[in-house]
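These notes concern the structure reproduced below.
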Amino acid sequence: MGRYLLPEKNTIIILENISQSFGGTEVLSSINLAINNSELLTFLGPSGCGKTTLLRLIAGFETPTSGRVVIDGKDVNALPPNHRKVNTVFQSYALFPHMTVFDNVAFGLKMSRVPKPEINRRVSEILKMVELEPMAARKPHQLSGGQQQRVAIARAAVNNPLVLLLDEPLSALDAKLRRQMQRDLKHLQRRLGITFVFVTHDQQEALSISDRVVVMHNGRIEQVGTPAEIYEEPVSLRVAEFVGDTNIFDAVVLGKSPDCPDGSLEARLEGQEKQCLLKTRREFADGQNVKVVLRPEDLLVNRKQPGESSGIMLSGMVDELIYKGSTYDIVISLQSGKKLVVTEFFDEDDESMIASVGDSVYVSWIKGWEVVLPDENPEPV
Amino acid sequence: MKTPNLFKNSAIAGTALWLGVFALVPFLLICAASFMERSPTRFLEPVFSLQGYRMIFTPGFLKVFTTSVLLAAVTSAVCLVAGYPFAYILARSNPRYRNLLLLLVIIPFWTNSLIRTYALIFIIKTNGLLNALLLKLSIISKPLSMMYTDFAVLTGLVYTLMPFMILPLYASIEKLDPRYLEAARDLGAGKWRTFLHVSLPLTLPGIIAGIMLVFLPALGMFYIPDILGGAKSMLVGNFIKNQFLTSRDWPAGAAASVVLTLIMAILLIVYYFSESSSRNKAVVT
């Protein structure tokens, strides 16, 4: 179990070519990932994508079928969970029901034979940090869900692990408490300076708390990037559709635009006579089928037909208005029958923005905000 | 709404009547008998007397009593130590084999325990199966005499009462959420300390229930010491039986029964209060 050569000094965990099968079913396949010290990294994906299995591999509850887990420069494949310097916050919290809050939090320190005065000091300190000091003598069943959640975090964090693993820790809380806990977790992570590896299926949660997001699907990593990269520059349709709402158009690449040197493509969008310009850094062949992804907030609704010069305009009719509080969604049927969703903010100064059902409208988008992706399974013509 | 209520009430009334006639009334009769005098002709003389109790508060009976308690305690301990690992394996086994294993625990109930006790004789008697095996394996050079010893009685009690230990243990171990064990491992506890600090306290209700189900019958069981212990082994159960059937001293037998029942009742009450006080403490703090 010698020192393993780190590609970067800042790396705390390396997952090297990891595959995992249970009874012949492959749950994870060739996962390669380096987790940086003191970052908040999120595994995001639908249920069954393997994100929890990956977390359990790091914790030591599973051994990979092939590949290896390296923590702090050491290959830990053969190391049981109690010898790994990582701690887990379980989805169900798994607080010991027969122990008080204090004893729950002190458990890890007792197991590593920390002297009693130091246990008392550290437990009190962390309970103060999560604002549960007055509850120290209670049993877990006497606490609310949010309080139990904080005990679970304190119980794991008090051991000063190299990495704190959190398995959907907020999924049992109601929406308001959840947002509060997301902020608290982020603050706690900065304060402790510990690496957090977080598992969630909630894309909003992943975007709002993470330094980096790992989008997973079917046991594979689809994309790794900052929340902004994941949202604005998804590498695949799957990522685009999983992270946020989308409007997706089919298009055919006609060629590089001669007027624009920045790599814009000329393309024909489905149901449109006119060519349009698509901005992308990717390379596409002429005649290739592509998908154009536009977020609801990237689209603009105009009530009047604009002039010729303003590029592509999709005409349609307002089908439905969905009030969302600070925004509203406009569902628009295009002439081709395709439906679009556009998110608009209320603008009190501009009456003309507010459409009503049955209005004819023209939809355009903010130039450069479109995402062009290769069509992964083009339908046979 | 009326029919279910009628059904419920009649079911409760039936059970209450049954227990009243066949458990409460005989117990009250025994209580009454313990305060009467023995009669050479009619078993009992209906006059108040403490003769029966005087008969049993003697050094002779106290010795019988302490031997019985000790034997029952050792029986419980052996059942617990042997039954816990089995119950644990049972509860954690593949569900496909689990029912089969459970069946193996329950099968002995299908045969009369008296017959099973006689069957034990064939194994442990001097020219029995166990000695034959040990001789064949050259572990011993001459047969051991195991019949009519405390070891034989202990073997019989453990054998007969083992399922009563395993079943409650199985029930509580099966309910033990494996996520608690994972949490303990995650927090640095090895296998042994996980067991000591998490599994054991969380399965304590099953342990206590198992001990109650083994300890109390072991105190009163008379035919196993009779058959396997012979005349040498005098336990509370045998003492009571002898008072009634051999010495014809009904008041003494009744008094011993009452004392035994009281001790069991006290144990049950202590168990009940220790349970509810630990629950209350949790709510108050």
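Throughout, a chain's letter reflects where its sequence line sits, starting with A, and its residues are numbered from 1. What's counted below: heavy atoms across the whole structure, side chains too, no hydrogens, waters or symmetry copies.
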Tightest non-hydrogen contact, residues B/D186 and A/T88, listed as OD2-N, 2.6 Å

**Prompt:** Is a side-chain donor or acceptor of B/R193 paired with a backbone partner of A/M111 at a separation under 3.5 angstrom?
**Reply:** yes

Scanning both residues in full, the closest heavy-atom pair of B/R185 with A/N82 reads NH2-OD1, 2.8 Å

Of all heavy-atom pairs linking B/A189 and A/F107, the shortest is CB-CE2, 4.0 Å

Turns out that what part of A/L165 lies under 4.5 Å from chain B's heavy atoms comes down to neither

Honestly, the part of A/R84 sitting under 4.5 Å from a heavy atom of chain B is neither

message = Tell me whether the rings of A/F96 and B/Y180 are parallel (<30°), tilted (30 to 60°) or perpendicular (>60°).
response = tilted

Turns out that what part of A/N159 lies under 4.5 Å from chain B's heavy atoms comes down to side chain

Taking the side chain as every heavy atom from C-beta outward, state whether B/R179 and A/F90 have any atom pair closer than 4.5 Å. no

Among A/P97, A/A152, A/A59, A/A156, the residue with the most heavy-atom pairs under 4.5 Å to chain B is A/P97

| query | Taking the side chain as C-beta and beyond, is there a heavy-atom pair between A/K110 and B/H197 under 4.5 Å? | reply | no

Nearest heavy-atom contact between A/A94 and B/A183 is O-CB, 3.9 Å

B/A256 meets the side chain to side chain contact (heavy atoms under 4.5 Å, CB included) criterion, sequence neighbours left out, with B/I56, B/F61, B/F239, B/I240

